[in-house]
Amino acid sequence: MSLFSMPFVDTGVDTALHGVAAVVMVATVAAAAFGFWKIHELPINKAHKEQHHQIGLITALTWIGFIWHWVWVVAVIVAFVDGEKALRRIRDVWREKEPQAIANDPAVKEEQTNA
């Protein structure tokens, strides 16, 4: 006999509680797997939504990302960054006038006074 009472041991309730625990464990593992899958498919869904030009590349990177996780990060970057807009911005920054030249430009001064 034990010092502490074990209320459900060797009863039908004990078996039922084990069944409930098994169902909860399976449901938790399934929910975690489903959540992981949805997060992992995020780049592909974004690419399809935006009709990205590199859908094939993003899909391949996402699948390879199951093995090498850093590749999935590349897929996220390719899917979420608009490459054309980023390249145009880099080009504009590269071609931007010097700050002193902009300050001395009469067109910029006129624009600032009109604003």
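Computed over heavy atoms, backbone and side chain alike; hydrogens, waters and symmetry mates excluded.
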With hydrophobic residues grouped by side-chain heavy-atom distances under 4.5 Å, do [X] and [Y] end up in a single group?
X	Y	answer
V73	F80	yes
W70	I67	yes
W68	L57	yes
M25	L17	no
V81	V76	yes

Just how far is it from atom [atom1] of [X] to atom [atom2] of [Y], taken to the nearest 0.5 Å?
X	Y	atom1	atom2	value
Q54	T59	CD	OG1	10.5 Å
R88	D82	CZ	CG	6.5 Å
H53	I55	NE2	CD1	9.5 Å
N45	K38	CG	NZ	6.0 Å
W37	F66	CH2	CZ	4.5 Å

Where is the tightest heavy-atom contact between [X] and [Y], given as atom of each residue plus distance?
X	Y	answer
P43	A79	O-CB, 3.6 Å
E41	W63	OE2-CZ2, 4.5 Å
L61	A75	CB-CB, 3.5 Å
I58	A47	CD1-CB, 3.6 Å

Next on the checklist: Quick check against the 3.5 Å criterion: does H52 have a side-chain atom that pairs as donor or acceptor with the backbone of V78?
Outcome noted: yes

Checklist entry - Under 4.5 Å between any side-chain heavy atoms of I39 and W72, yes or no? => result yes

